[in-house]
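Scroll down for the structure; my scribbles are underneath it.
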Amino acid sequence: MPTGTVAVVAETEMTPQPATDDGFADEVEFTARVEGFLADHCSRISDPADDESEAHGLVRTRAFQRALVDAGLAGLTYPTQLGGAGLTPLHQEVFTRVSAGWRLPNGPLAISHGMCLPMLAQFGTEEQKARYLPDSISAETIWCQMFSEPGAGSDVAGLSMRAVRDGEEWILDGQKVWTSGAHYCDFGIVVARTDPTLPKHQGLSMFIVDLREPGIEVRPLVQMSGARGFNEVFFSDARIPAGNLLGEVNQGWNLAVSMLMFERVSIGAGGGALNARRGPELAALARDLGRATDPVIRQGLADLHIREEIKGYIGQRIRSSVAAGRVPGPEGSIAKLNGAILARRTRDLAMSIIGTAGQAWDDGDPSSDVAARWSSFCISAAGMSIAGGTDEVQRNIIGERVLGLPREPDPFKGAPWQDIPRN
Ligand SMILES: Cc1cc2nc3c(=O)[nH]c(=O)nc-3n(C[C@H](O)[C@H](O)[C@H](O)COP(=O)(O)OP(=O)(O)OC[C@H]3O[C@@H](n4cnc5c(N)ncnc54)[C@H](O)[C@@H]3O)c2cc1C
């Protein structure tokens, strides 16, 4: 399992590791093993990143994941019989700590490993785990998350997509949107309404969907950066086996909350490509462009360093909590909000360093690669404040669950979903 993932404690086949205040028995040896592996397969975060096509990125991701499997470093905390390494959350913590200094080519697995894999491990039946976990860990299959709809984003519990039971199948009808990566994914986890007569949070269920099945159409959306990261996914009488239900019927909201928690932790406090430290690369860039003596740039770099350190500690705290068997609550929202703010500060600092060259360049310019990459990051940074629940939604959660402020008024609380007015 790459970083960017909440360590899920494997229920079986844990290798007992005598943990002490100083770590665990083979920590030194394990740390050296991880360092050796990363040195062989990744570049340092202070090195400029390669700009590559999506297709090439996927090939690289899969090759990297296969190398992790071969080295016994994939799916660290998952049982070996399910394709994992059967190690402990302490091993995961070491991996996360060491890999913070490296650029892991695992971006396309952020949702698959950061959210879907822990959901399957936590809520899947034994049959589902045996069927899906090994290929997901090795990246033979890649997964996406299908929650948002045109009429349900922040209020995802209000979603309209229907799932109706028909014998040994469920029939899915409706539309999802902003589905990251669906165009290259094999499977998705989808939430649909199974009982519209219940209040909105109570009539939802979660399903595993094979995106290649008939009745499912994935249509890519083009972003302002020119990238095609999102999709609309249309379900038209799509039939899926009854065995694809994840968890219990009408209990989907509880699972959705868990998945959102995994998402927020993954965005805000995981490691890996999604939220790698960018301070060292920006410091190197400032030196290369002769901006390292500018006092404002130096202040910005120091500020970024401090905030990235804080992000690391928030992540460590959440992972320790998970390792101790606790389910992280609103700290996931704190991590996510902090990650989003950090992304915007990084964007602003990057543009201050690069200057006008970050806004327009000729292909032949010596720094055109750097400018193109950072300008693409800058355009995408705002998305961090929206994905996984907007900054406002995270502030609402923190207000209610950390500060004890009154809940948002809901005039339709307890009303059947079908009676709530919708656009
Ligand atoms: C990079 C990125 C990747 C994404 N990937 C996925 C994915 O893979 N799968 C998926 O299902 N979705 C995905 N999304 C969608 C994302 O979850 C939604 O965009 C997000 O939840 C917001 O929903 P919305 O766009 O419908 O905005 P709305 O909910 O319509 O919100 C509009 C504005 O109103 C504010 N607002 C709404 N409700 C409240 C409130 N109660 N209090 C205060 N302010 C409020 C919001 O903060 C926002 O500013 C992705 C989005 C982005 C940007």
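Just so you know, ligand 1 is whichever comes first in the structure, and atom 1 is the first atom listed for that ligand.
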- Protein contact to atom 14 (N) of ligand 1 [nearest heavy atom, distance to 0.1 Å]: Trp178 CB, 3.5 Å
- Task: Answer with yes or no whether Val393 contacts ligand 1, where contact means a heavy atom under 4.0 Å from a ligand atom.
- Result: no
- Query: Side chain, backbone, both or neither: which part of Lys176 comes within less than 4.0 Å of ligand 1 when only heavy atoms are counted?
  - Reply: neither
- Before accepting this row, confirm whether a basic side-chain N of the pair Glu309/Arg277 lies closer than 4.0 Å to the acidic partner's carboxylate O. yes
- Task: Output yes when a protein non-hydrogen atom is found under 4.0 Å of atom 52 (C) of ligand 1, and no otherwise.
- Result: yes
- Under a 4.0 Å N-O cut-off, is there an ion pair linking Asp294 with Arg291? yes
- Task: For residues Trp178 and Ile386, determine if any side-chain heavy atom of one lies less than 4.5 Å from a side-chain heavy atom of the other.
- Result: no
- Sub-4.0 Å atoms of ligand 1 with respect to non-hydrogen atoms of Glu408: 40 (C), 41 (N), 42 (N)
- Message: Nearest 0.5 angstrom please: Ser375 OG to Met351 CE, how far?
- Response: 6.0 Å
- Which of the listed options, Ser154, Gly153, Ala387, holds the heavy atom that is closest to atom 28 (P) of ligand 1? Ser154
- Query: Under 4.0 Å from atom 38 (N) of ligand 1, is there any protein heavy atom?
  - Reply: yes
- Given side chains that start at C-beta, do those of Ser99 and Leu38 come closer than 4.5 Å, heavy atoms only? yes
- Going by the atom numbers of ligand 1, which of them fall below 4.0 Å from some non-hydrogen atom of Asn396? 40 (C), 41 (N), 42 (N), 43 (C)
- Centre of Trp170's six-membered ring, under 6.0 Å away, within 45 degrees of the axis: is that where NZ or CZ of Arg239 sits? no
- Please state which part of Asp155 comes within less than 4.0 Å of ligand 1, counting heavy atoms only: side chain, backbone, both or neither. neither
- Query: Is the shortest heavy-atom distance from the side chain of Glu281 to the side chain of Trp374 under 4.5 Å?
  - Reply: yes
- Any idea which atoms of ligand 1 are less than 4.0 Å away from a heavy-atom of Ile111? 8 (O)
- Query: Considering only heavy atoms, which of Met384, Gln223, Glu392 lies nearest to atom 47 (O) of ligand 1?
  - Reply: Glu392
- Message: Closer than 4.0 Å to some heavy atom of Ser180 - which atoms of ligand 1 meet that?
- Response: 3 (C), 4 (C), 5 (N), 6 (C), 7 (C), 8 (O)
- Which ligand 1 atoms are under 4.0 Å away from a heavy-atom of Gln145? 7 (C), 8 (O), 9 (N), 10 (C), 11 (O)
- Does some side-chain heavy atom of Ile216 sit less than 4.5 Å from a side-chain heavy atom of Val233? yes
- Pairing of Arg62 and Asp186 as salt bridge, 4.0 angstrom limit: yes
- Around atom 10 (C) of ligand 1, find the nearest protein heavy atom and jot down its residue, atom name and distance. Ser148 OG, 3.4 Å
- Task: Could you tell me whether atom 33 (C) of ligand 1 has at least one protein heavy atom nearer than 4.0 Å?
- Result: no
- Report yes or no: is the cationic atom of Arg212 (NZ for Lys, CZ for Arg) closer than 6.0 Å to the six-membered ring centre of Phe187, at no more than 45° off its axis? yes
- Query: Where does Ile386 meet ligand 1, judged by heavy-atom distances below 4.0 Å: at the side chain, the backbone, both, or neither?
  - Reply: both
- Would you mind listing which atoms of ligand 1 come within a distance below 4.0 Å of any non-hydrogen atom of Thr390? 22 (C), 46 (C), 47 (O)
- Message: Taking the basic N atoms (NZ, or NE/NH1/NH2) and the acidic carboxylate oxygens, is any pair closer than 4.0 Å for Lys129 and Glu126?
- Response: yes
